[in-house]
Protein chains: 2
Amino acid sequence: MPDRISELHAELCKTLGSAIRIEILNALRGGEKTVRELSAALRVRQPNVSQHLAVLRQRGVVTTRKDGVNIYYGISNPKITQACELMKQVLVEQLKEGMELTRLTSPARR
Amino acid sequence: MPDRISELHAELCKTLGSAIRIEILNALRGGEKTVRELSAALRVRQPNVSQHLAVLRQRGVVTTRKDGVNIYYGISNPKITQACELMKQVLVEQLKEGMELTRLTSPARR
DNA sequence: AGCAGACATTCGTATATATGCATCTACTTA
DNA sequence: TAAGTAGATGCATATATACGAATGTCTGCT
């Protein structure tokens, strides 16, 4: 019986639970970018990028700014970047410990 | 065309993308707990808790320690907690800015 | 050995998510 | 106002995830 905060928290995490969206965020660390630029940089079709951006937007992870014909997307809160950075560190540490192997063999018993 | 690191990163995020799992992690901040304790604390059926724990285990988010009949679960890396804390802060800031409303009306144009 | 308690796993079903393709809309500029 | 371009949306399908109910597996005790 999860409470509201946990649900929002989970939604936020779920929002980051896509490799493409992670790469979008990584790309946006260097500053605002348009959909085209992202599409080109990640080599992902434009409608697909658009949809992922829509998800990120809905959760308030990215913001939009119109400039002429283009729409520039940016990261809404630097803490998002920080959180991602921490998680990446966790990953790195796991890899160092050879978790890559353990991942497949760890069901606690049997 | 997402790379391997981004995929692992996304998997880690996806792992946190469940309200129940978030609450499990919150509960584990106070120290190790058994499946029963978690099941009781969250008011979620045991097999369900077990499944979520299995997911967390696979991704190396939690660790297990057997003690007699019980299996104690704990958070494997304090950085996980830190990352969660950051994300919760993002949530709080969003709520303060009235994002709760904007979430429903933000499709950038139309 | 047999039983009971603590976890794990399997299966079926309901629901969500991702993607490609085609299409549509809204600006901007000529 | 017509054209062109950036971006969004709808639809269909494939795939993944969540949960309940039932069942399986250890382990410790008597």
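Fair warning: this is a prediction, and the values are worked out from it, not measured in the lab. In the text below, chain A, chain B and the rest are named by the order of the sequence lines, each starting its count at 1.
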I need the CD-P distance between B:E7 and D:dA16, as an integer number of Å.
12 Å

So which nucleotide from C:dG20, C:dA8, C:dT17 ends up closest to the side chain of B:V35?
C:dA8

Residue mapping more 5' on DNA chain C - nearest nucleotide basis, A:R45 or A:D67:
A:R45

Looking at B:E7 and B:R4, is any side-chain nitrogen of the basic one under 4.0 Å from a carboxylate oxygen of the acidic one?
yes

Heavy-atom side-chain contact between A:T81 and A:L25 under 4.5 Å:
no

Heavy-atom closest pair, residues B:A19 and A:A10
N-CB, 3.3 Å

Would the distance check show the side chain of B:Q82 and the main-chain N or O of A:L86 forming a donor-acceptor pair, the cut-off being under 3.5 Å?
no

Rounded to the nearest Å, what distance is computed from the CZ atom of residue A:R36 to the C1' atom of nucleotide D:dT5?
7 Å

Between C:dA18, D:dT17, D:dA8, which nucleotide has the shortest distance from any of its atoms to the side chain of A:R57?
D:dA8

Among C:dA8, D:dG7, D:dC19, which is the nearest nucleotide to the side chain of B:H52?
D:dC19

Rounded to whole Å, please give me the gap between CD in A:E11 and P in C:dA16.
12 Å

What is the distance, to the nearest angstrom, from the CD1 atom on B:I71 to the P atom on D:dC26?
12 Å

Measure the CZ-CG distance between B:R59 and B:L12 for me, rounded to the nearest 0.5 Å.
8.5 Å

What's the CG-P distance between A:L38 and D:dA8, to the nearest Å?
11 Å

Report the residue (A:N48 or A:N70) whose heavy-atom-nearest nucleotide on DNA chain D is the more 5′ of the two.
A:N70

Rounded off to whole Å, could you give me the NZ-to-C1' distance for the A:K14 and D:dA16 pair?
12 Å

Can you find a side chain N or O atom of A:Y72 that sits less than 4.0 Å from OP1 or OP2 on D:dG7?
no

Spacing of B:R43 atom CZ relative to D:dC19 atom P, expressed in whole Å
16 Å

Just compare C:dT19, C:dC7, D:dC19 and give me whichever is closest to any side-chain atom of A:I20.
C:dT19

When rounded to whole Å, the CG to P distance for the pair B:L56 and C:dC7 reads 16 Å

Among D:dA21, C:dC7, C:dC21, which is the nearest nucleotide to the side chain of B:P47?
D:dA21

So which nucleotide from D:dA6, C:dA8, D:dG7 ends up closest to the side chain of A:V69?
D:dA6

Nearest-nucleotide pick for B:S50, side chain only, options being C:dC27, C:dT9, D:dT17
C:dT9

Examine the base of C:dA8 for any acceptor or donor lying under 3.5 Å from a partner atom in the side chain of B:Q51, and report the outcome as yes or no.
no

